[in-house]
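The block underneath contains the structure these notes are about, expressed in structure tokens.
Reminder, nothing fancy here: chain letters follow the sequence lines and each chain counts from 1.
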Protein chains: 2
Amino acid sequence: MDELDAGIIRLLQSDARLSNRELARQLGIAPSTCLERVRSLARRGVIKGYHAEIDPAALNRGVQAMVAVQVRPLSRAVIDTFKASAAKMPEVLSVFVLSGGDDFLLHVGVPDLDALHAFLLDRLSKRREVTGFRSSVIFQQVSNPAPSRLAQSS
Amino acid sequence: MDELDAGIIRLLQSDARLSNRELARQLGIAPSTCLERVRSLARRGVIKGYHAEIDPAALNRGVQAMVAVQVRPLSRAVIDTFKASAAKMPEVLSVFVLSGGDDFLLHVGVPDLDALHAFLLDRLSKRREVTGFRSSVIFQQVSNPAPSRLAQSS
DNA sequence: TTTGAAAGAAAGATACT
DNA sequence: AGTATCTTTCTTTCAAA
């Protein structure tokens, strides 16, 4: 992970469809060198994939929410089962398994508030292991499009 | 937004570097047709970009957390200022502006627990508008790699 | 590792259906 | 809206430094 790798990562994070030529040009190296670096990053698992970012509204997910969920009993079996089930629900964009007061955080995207309500009542609260949840509608979201490598704190 | 557009979106969500030829082949259409569709989707803002997915560990962000933040007073000025400031912090991956008991949710990624502690104490609690926060370490995350278009509920 | 050059593949443009 | 074809550009491989 040298300067060059960091540069490749930075550029591909913001535009995954940059041609290898253009990538090489911006970094001041030969296309063949650049291609070998990119392949190495993929082989080592540093680059895990390339994804198109889609407008949530176009996917009928104009309403998004964070739902903090508590499940009981807190056994590995219950955690794993709920995690897998939640991840399969079409409304769920992401499942986070958390420490602290809440056991899970679900990032959900749905067409409207009715659909959010239906998700909470018909999907979540129907599960026996779910003992409670709080939902917060997401008014706005700002994401870091290309998080950089942090320095070691020690 | 017909069947074809949905197919293009689905395929590019899971692999943004598919060549136009391969994309066209998998959808059973001509490459030129496919290219025009993809461009139209980008022009209309349905496709918002293409991003490489990077292993958090390689970015020294092996420890991630969700931090729920409360700010006061709850004015537009305070909300906007905190939102912009948080988004600029290098540890912050994403800022969510929420309804409900908490005003913000910060998705943060840091090298280790020391760095998380330092973030909370040195960055967050130093801000005068922050009146409280709770942090939860993320043990696991499962994301839907290619969320599909939801049907209208009505 | 990095490079330049050569062969093969894909993109972009145009005209036609 | 979709297709066929041509030209230009890019990717990929490989031998060499």
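Using a 4.0 Å heavy-atom distance criterion, A:R17 is classed as making no nucleic acid contact. Note on A:R39: only backbone sugar-phosphate atoms sit closer than 4.0 angstrom, heavy atoms only; bases stay farther off. Residue A:T33 is in base contact, counting any heavy-atom pair closer than 4.0 Å across all strands shown. Among the heavy atoms of the strands lying under 4.0 Å from B:R37 are primed sugar atoms or P, OP1, OP2 only; no base atom is included.
Using a 4.0 Å cutoff to heavy atoms of chain A, the contacted part of DNA chain D runs 5' to 3' from D:dC10 to D:dT13. Scanning DNA chain C 5' to 3' for nucleotides with an atom closer than 4.0 angstrom to a non-hydrogen atom of chain A gives a first and last hit of C:dT2 to C:dG4.
For B:H51 against A:Q13, the heavy-atom pair with the smallest separation is ND1-O, 2.7 Å.
Contact annotation: the side chain of B:V78 never approaches that of B:D103 to less than 4.5 Å [non-hydrogen atoms, C-beta and beyond]. Taking the side chain as every heavy atom from C-beta outward, B:V71 and B:T81 never approach each other to under 4.5 Å.
Residues A:L23 and B:Y50 are members of separate hydrophobic clusters, defined by side-chain heavy-atom contacts under 4.5 angstrom among Ile, Leu, Val, Met, Phe, Trp and Tyr.
Counting only distance, with no hydrogens or angles, the side chain of A:S99 and the backbone of B:V137 share a donor-acceptor pair below 3.5 Å.
Screening A:F82, A:F96, A:F133 for a ring pair (Phe, Tyr, Trp, His ring centres under 6.0 Å) involving A:F104 leaves a single residue, A:F82.
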Per-residue pairing states of DNA chain D in dot-bracket (Watson-Crick or G-U under 3.5 Å; . unpaired, | other strand) read .||||||||||||||||

